[in-house]
Each structure stands twice: as C-alpha cells, then as structure tokens.
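Protein chains get the first letters and strands the later ones, always in sequence-line order, with residue 1 at the start of each.
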2 protein chains.
Amino acid sequence: MSTLDHQRYYNCDDCLFKTISCQYIQKDEFEKLRAKSVQLRYKKGEVILKQGAKSTHFLFLRKGIIKFNYEDENGKNLILSINKAPALIGGANLVNAEFNLFSICAIEDCEGCTIDVSMLTRIALGNTLYLFKMLQFITDVFRSSIFNFISLAHKQVNGRIADILIFLSQNIYANNAFVLSLSRQEFAEFAGCSKENVIHTLRKFHNEGVITVEGKKITLNDPERLQKISKHG
Amino acid sequence: MSTLDHQRYYNCDDCLFKTISCQYIQKDEFEKLRAKSVQLRYKKGEVILKQGAKSTHFLFLRKGIIKFNYEDENGKNLILSINKAPALIGGANLVNAEFNLFSICAIEDCEGCTIDVSMLTRIALGNTLYLFKMLQFITDVFRSSIFNFISLAHKQVNGRIADILIFLSQNIYANNAFVLSLSRQEFAEFAGCSKENVIHTLRKFHNEGVITVEGKKITLNDPERLQKISKHG
DNA sequence: ATTAAAAGGTGAAATAATGCAGTTTTTATT
DNA sequence: AATAAAAACTGCATTATTTCACCTTTTAAT
C-alpha cells in the first residue's frame, strides 16, 4: 500500500464485511471494492446519507448506532428505524430507487467505509450467491423496521413506548440497562407522539417501578410487565 | 398440452408475467416455470397466503385487488398495504423469511397463478438481470406500503383517512369515484383507528363537500382539499 | 318471505394525546 | 467559572380518539 492511500482508521483484514465477502468472491475482486472504498468516521448527530440525495454508495457500518430519519413535507421528522453495527446501510435504494428515500444519521459515534454501488453491483451480478447475501444484509435492516410500524399503527402510546424500550434493550444495547442515544424529542419521533407524552409516559413507568429513569440512563426493572403493557396497549 | 393439465382460466400467452419473463429468459426455461404453475381463482374475502404458513410459492396476481393483513398476538387485524394486479405477491419472504410474515387476502375477486419459489430462484440465479427484475417486482409491493406507514405514524386520523382516500383513488382504482372494496371495519384496520372514527370522519368530509359517500361508493369532489387535509393533519 | 347475522351508523361519556406556557436541568461555549 | 443555548420536565386546558349502548340497514341463509 502506498502512503498516498486514504487515511485508515482500522485494518480491513479485521472487517466483517471483508470476511463475509471473501466467503463468496475472490480476493482480487474484493480488492477492487476496497480500492474504491474510503474509511469514514461520523460524530453523533452527523448525517451519513441525506434524504433526496443520489445514492451512489452504501456504507458498511462497522461500529456505532444510526437512525433512519424521514423528513416530511412539513419538515416534521420521523424515525423509521434504529440499527447498530454491523450493517450494510443505504441499500433500500439498491433495487429501485435512485434517490435516498430517507436520511441516515449517526446517533452514536460511527465508523465505517463507503462501498461503491456500481462496483458492488457489477461483482454481485457475476456471483449470485454473493448477491443474495448482500440482499439479505440490506433487507434485514428493512425488515426489522416492519414490527416498529405494526406497533405504531395499532397501539396506543403506552404500548408503543413499551415496544421501543424492549426493542432498544434487546436489539440495540443488548442489556436491560442502557444509556439512551436519543433525545426525548427523537424518542417521540420514533414513537410517533409528542415529546411531552414520552416524558409523561416514561415518568409513569418509572413511578410504577417498571423502569428506572435517571436522565438518559434507563433500566428495565420488569421486562415481563413491559411485555404485558406492549401486548395490552 | 394434454387434457390432464390443470384447469386453465386464461391463456398464458396473454399474461404479463410471461411477457416480462421472456424478455430475460429463454422460452424453454419459462416452460419449466409454467409446468409447475397452477391457475387459481379467489373470491372476495378468500385468503391467498396465510400468515405463519411456510412460503413455498409466489402468486402472480393477474387480476383483482388484495390486502396484506397482519394479525397480532391479541387477534387484532392490521392492514399493511393494499395492492392491485398485476403484482408478484408473497416475495417479502424471498430473501430471508421462511414463513409468511402476514396473510394476503382477496378484497375483490382475484385471478392468478402460483409460481414455484425454488424453481424461480434456480432460474433467476442463472440470470441476474431476471433476478433483478423479479426483485424489483417484489420490492415495489413493499415500497409502496412505506408511505402508508409514514402517514400512520405521524398524522392524526383526518390526515390518515385523507391519505387513504387519495391512495385508493390514485393507486388502486385510478379514478376519483370508486366503489370501496373494504368494509368500514377494514378501512379502520388500514387507518389504524376505530371503525366509528372512520365513519365519523367520512361523514364529516362528506358534510364539508370534500367527498361524497353513498354506502360503498365514494367520490372525491375536491382532491386538492384532501391533499391539504393530508398535509396539515 | 322470514329470520338471523353482519355491517353501517349515531351521539355522548370517558379516556388519551397534544400543545402551551412556563420552570429547571444539562450541555456547550467563551 | 459565567453565560447562553438546548434539552428535560411539569401541569393544565384543549382537542382528538375510543368505547359503549343502541339503532338502522344490508346481506345471507332457511
């Protein structure tokens, strides 16, 4: 590697994307992908992919937590999904959308590398098992959000907030106690209700002993009861 | 063709699925698909694919209107999306779900044919352009539902019902006046609110002259005003 | 044609959720 | 360390939504 190479924060040999890719494609083909790839770091709050922009690359998210953010015609934000590394991001557009349908923003410091869509497509078209694997990666992200939608669509706020707490605990932080990466406003944009309603509801759950809220630190004391609230509400 | 062939309601040569397929694959390959395919008719109300069942085939919907129905843990129904022919149905499971995540039911009389997933996959794996085309078909169905979700997630009932009326008028019936294929209960399951709320809101729009409701017949008199309600509410 | 069952509809009380106006706490900046 | 700005929080009035009890109309079954 010449010293003119882009800045490198980590060694590609440690990267899951390389590991997975090389189960399907040859090293020299992966090298073609890598040559076009740039390692990037994003601070909490930064926009990784912008809604409406042309989608020229994916991001393999190696580290961090991101949100899918949709901004509507009135400028109101909605969080469609939250995902943690590792994930292949930006692929909702692979098959049939030229422009990003929503933004992807870091809600914790992130690290990853860009992946050139046309190069990946070219390689994947020549290797359908690899194509399938990439599609799986991409649709995983999408599929995980469908249950959020179902919750949103026919539960009341108690149930929706219980669902989000369970989701964050299980899928994102993998722990009953966690430091929330979202502001109360963002939590509301995820739950589809007002920020005040989030605050009131978290306080209520806290007072009932189901959870403990200390600022951004949340502990699920009684996940079973949360499940019941989710089911009932 | 022998007389032992399955009943045929229509000639495959007229079918869009054949037309599209044969742009990508050879006639003899299509013949392999066709040999495994069965033409089927469904009456309004019939279940085409059942939530939880193993997904062994797609359905190419040639005629009719269907709903995606999700039944939750309490037996409550939610309509995720509504689609009209032509559409390749059941593919949400192609990449990474062994069992149907939701049911697909006819809400008007339907006609179509089954398509064997493993055969289609085998052929598509040997022809990536065809694979891409099929994926486009499949994800179209999915993608169209995302805006319903966005509407559900952060609009109030006025806006959601306005959105559904616009969606049905533009995407399903392609007409400002239509005979609704849904009961009021189903409309509520699509809008994510109570049946009474649907009735009240339709009545209100009717009284304001925005729409005309005569039982199942609905006419959008003032689509621009509906757009405003959608945007505001 | 009669009856039962399902769907459509109504108004009002009870509950849920929002939006406001303000205070307190936290975070970032100089 | 002081200040400003942003986020968190509170209680309450207003608005939205559900639920209920009940009635009417339509549809399906005998």
Side-chain angles (χ1 to χ4, degrees), chain A residues 43-46 67 74-79 105 107-109 151-164 179-208 211-218 229-230 232-233, chain B residues 43-46 67 74 76-79 107-109 151-164 179-208 211-218 229-230 232-233:
Chain A
K43 285 228 172 308
K44 178 169 182 162
E46 273 190 276
K67 66 173 176 180
N74 303 311
K76 221 169 135 184
N77 289 306
L78 172 68
I79 296 181
C105 314
I107 58 171
E108 291 293 343
D109 292 356
S151 167
L152 275 175
H154 69 170
K155 290 184 186 178
Q156 302 196 192
V157 170
N158 282 343
R160 301 209 295 258
I161 289 185
D163 278 340
I164 288 177
V179 177
L180 194 63
S181 312
L182 301 169
S183 70
R184 298 296 194 261
Q185 177 59 44
E186 285 177 310
F187 199 121
E189 287 163 3
F190 197 22
C193 66
S194 70
K195 152 191 112 205
E196 291 90 337
N197 207 340
V198 168
I199 294 167
H200 289 315
T201 306
L202 289 178
R203 173 73 37 217
K204 191 174 65 183
F205 288 174
H206 175 94
N207 291 341
E208 289 166 354
I211 65 176
T212 302
V213 181
E214 299 158 272
K216 297 255 175 189
K217 179 150 190 255
I218 294 182
I229 294 170
S230 156
H232 174 268
Chain B
K43 285 227 173 310
K44 179 171 180 159
E46 273 190 274
K67 67 172 177 181
N74 303 312
K76 221 169 136 186
N77 289 306
L78 171 68
I79 297 180
I107 58 171
E108 292 293 343
D109 292 356
S151 168
L152 273 174
H154 68 169
K155 290 184 186 179
Q156 302 196 192
V157 170
N158 281 343
R160 302 208 295 257
I161 290 186
D163 278 342
I164 289 176
V179 177
L180 195 63
S181 312
L182 301 169
S183 70
R184 299 295 195 262
Q185 178 59 44
E186 285 177 311
F187 199 121
E189 287 163 2
F190 197 21
C193 66
S194 69
K195 155 193 110 195
E196 291 89 339
N197 206 342
V198 168
I199 293 166
H200 289 315
T201 306
L202 288 178
R203 174 73 38 219
K204 190 174 65 184
F205 288 174
H206 175 94
N207 290 341
E208 290 167 354
I211 65 175
T212 302
V213 182
E214 300 157 272
K216 296 253 175 189
K217 181 156 188 247
I218 294 182
I229 294 170
S230 157
H232 174 266

Quickly work out the B:Lys44 NZ to D:dA28 P distance and round it to whole Å. 10 Å

So what does B:Ser183 hit on the nucleic acid, given a heavy-atom distance under 4.0 Å: a base, only sugar-phosphate, or nothing? sugar-phosphate

Nearest whole angstrom, please: distance from the P of D:dT18 to the NZ of A:Lys155. 16 Å

Measure from the side-chain N and O atoms of B:Lys216 to the backbone N and O of B:Leu182, and report whether any donor-acceptor pair falls under 3.5 Å. yes

Nearest listed nucleotide, side chain of B:His200, among C:dG9, D:dC9, C:dA12: C:dA12

Between C:dA7 and B:Lys216, is there an OP1 or OP2 to side-chain N/O distance shorter than 4.0 Å? no

To the nearest Å, give me how far apart CG (A:Asn197) and P (D:dC12) are. 17 Å

Using heavy-atom distances to pick each residue's nearest nucleotide on DNA chain C, tell me which of B:Arg203 and A:Ser194 is more 5'. B:Arg203

Would you say the side chain of B:Glu196 and the base of D:dC20 hold a donor-acceptor pair, judged only by whether the two atoms sit under 3.5 Å apart? yes

Between A:Gln156 (CD) and D:dT18 (C1'), how many Å, whole number? 7 Å

Round to a whole Å and report the spacing from CG of B:Asn207 to C1' of C:dG11. 14 Å

Of the options C:dG9, D:dT18, D:dA8, whose atoms approach the side-chain atoms of A:Arg184 most closely? D:dA8

Figure out the NZ/P separation between B:Lys204 and C:dG9, and round it to whole Å. 16 Å

Rounded to whole Å, please give me the gap between NZ in B:Lys195 and C1' in D:dT17. 15 Å

In whole angstroms, how far is the P atom of D:dC9 from the CD atom of A:Gln185? 13 Å

Quick check: does any side chain N or O of B:Lys195 sit under 3.5 Å from a backbone N or O of B:Phe187, one acting as donor and the other as acceptor? no

Is it true that a side-chain atom of B:Asp109 and a backbone atom of B:Lys43 form a donor plus acceptor pair closer than 3.5 Å? no

Heavy-atom donor-acceptor pair, B:Glu186 side chain to B:Ser183 backbone, under 3.5 Å: yes

Evaluate B:Ile161 against B:Leu202 for side-chain contact (heavy atoms from CB on, under 4.5 Å), listing each step before the verdict. CA-CA 8 Å; B:Ile161 290 186; B:Leu202 288 178; 4.1 Å; yes

Given that B:Val157 and A:Glu214 both sit by DNA chain D, which one's nearest nucleotide is further toward the 5' end? A:Glu214

